[in-house]
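Below is one structure, written out as structure tokens; comments come after it.
All chains are named by letter (A, B, ...) in the order of the sequence lines, taking the proteins before the strands, and each is independently numbered beginning at 1.
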Amino acid sequence: NAGVTQTPKFRILKIGQSMTLQCTQDMNHNYMYWYRQDPGMGLKLIYYSVGAGITDKGEVPNGYNVSRSTTEDFPLRLELAAPSQTSVYFCASSPRGGANTGELFFGEGSRLTVL
Amino acid sequence: QQPVQSPQAVILREGEDAVINCSSSKALYSVHWYRQKHGEAPVFLMILLKGGEQKGHEKISASFNEKKQQSSLYLTASQLSYSGTYFCGTPGEGAQKLVFGQGTRLTINP
């Protein structure tokens with residue numbers, strides 16, 4: 001089973017460039033999340049989605065955009081990349097949300113460097 | 001608002017015990033625990049859904065004190081494989097999203 005698949009695994013961007021991190025899950029989960037993790041730090045929520053067509057901001061949404069046109073896909077768009085966006089990005093999905101949030105299944109991560 | 005974990009780091013010898021705490025300034029509906037090895041994605045350990053609930057995973061167990069708005073993770077007779085960073089996660093504002101604490105780095109030495 002594939003689970004949560006992220007692409008690319010590694011990417012180097014120049015300041016001001018844009019790119020999209022792809023995330024796909026094959027578990028039919030309604031809830032999906034994007035987190036970023038700076039070196040030696042914890043996980044910060046960027047955006048999340050409770051189902052196709054519904055997205056909302058997390059703790060650190062500035063500089064990012066998301067869309068959720070299908071249950072399977074939850075791409076993260078970086079506009080005008082800045083050095084502060086150098087981080088490891090994790091996509092995750094869950095079968096349930098809210099107070100009864102189920103186990104989060106994480107992708108392997110995408111390591112982004114902005115120079 | 002993210003939960004707060006303590007301590008930030010722990011160094012143990014193999015076979016010793018450890019306790020990692022997770023507390024919140026807001027009411028907790030549930031608490032998640034995850035472990036992350038260096039360079040890898042976080043891996044799910046357990047969820048505690050009810051106040052007072054305790055669960056176990058191998059020699060790792062956890063408790064959830066709803067009134068105190070905190071959870072504790074207990075690692076008994078630690079093994080080298082328990083090394084990593086442990087995160088607690090709680091439903092954030094609106095309860096639709098999961099936010100994580102800053103993590104506790106656990107190092108187990110032979």
Are [Y] and [X] co-members of a hydrophobic cluster defined by side-chain heavy atoms under 4.5 Å apart?
X	Y	result
B/Val10	B/Trp33	yes
A/Tyr89	A/Leu80	no
A/Met32	A/Leu76	yes
B/Ile20	B/Phe64	yes
B/Leu106	B/Met46	yes

Compare every heavy atom of [Y] with every heavy atom of [X], then report the nearest pair and how far apart it is.
X	Y	answer
B/Ala41	A/Gly107	CB-O, 3.2 Å
A/Leu43	B/Phe87	N-CE2, 4.2 Å
A/Leu45	B/Leu98	CD2-O, 4.2 Å
B/Lys97	A/Tyr33	CA-CE2, 4.1 Å

Atom group of B/Gln36 that falls short of 4.5 Å from chain A, counting heavy atoms: side chain
Should [X] and [Y] count as side-chain neighbours, where that means a heavy-atom distance under 4.5 Å?
X	Y	answer
A/Met41	B/Gln102	no
A/Phe106	B/Tyr34	yes
A/Glu108	B/Glu40	no

Side chain to side chain contact (heavy atoms under 4.5 Å, CB included) for A/Leu104 and B/Phe100? Distances and angles first, verdict last. CA-CA 12 Å; A/Leu104 263 62; B/Phe100 288 91; 4.3 Å; yes
Is it true that atom [atom1] of [X] has more than 12 heavy atoms of other residues, nucleotides or ligands lying nearer than 6.0 Å?
X	atom1	result
A/Ile54	CD1	yes
B/Lys37	NZ	yes
A/Ile12	CD1	no

A/Phe105 versus chain B, the contacting section by heavy-atom distance below 4.5 Å: neither
Where does A/Glu103 contact chain B at under 4.5 Å (heavy atoms): side chain, backbone, both or neither? both
Name the member of B/Gly39, B/Gly103, B/Pro42, B/Gly101 that forms the most heavy-atom pairs with chain A at distances under 4.5 Å. B/Pro42
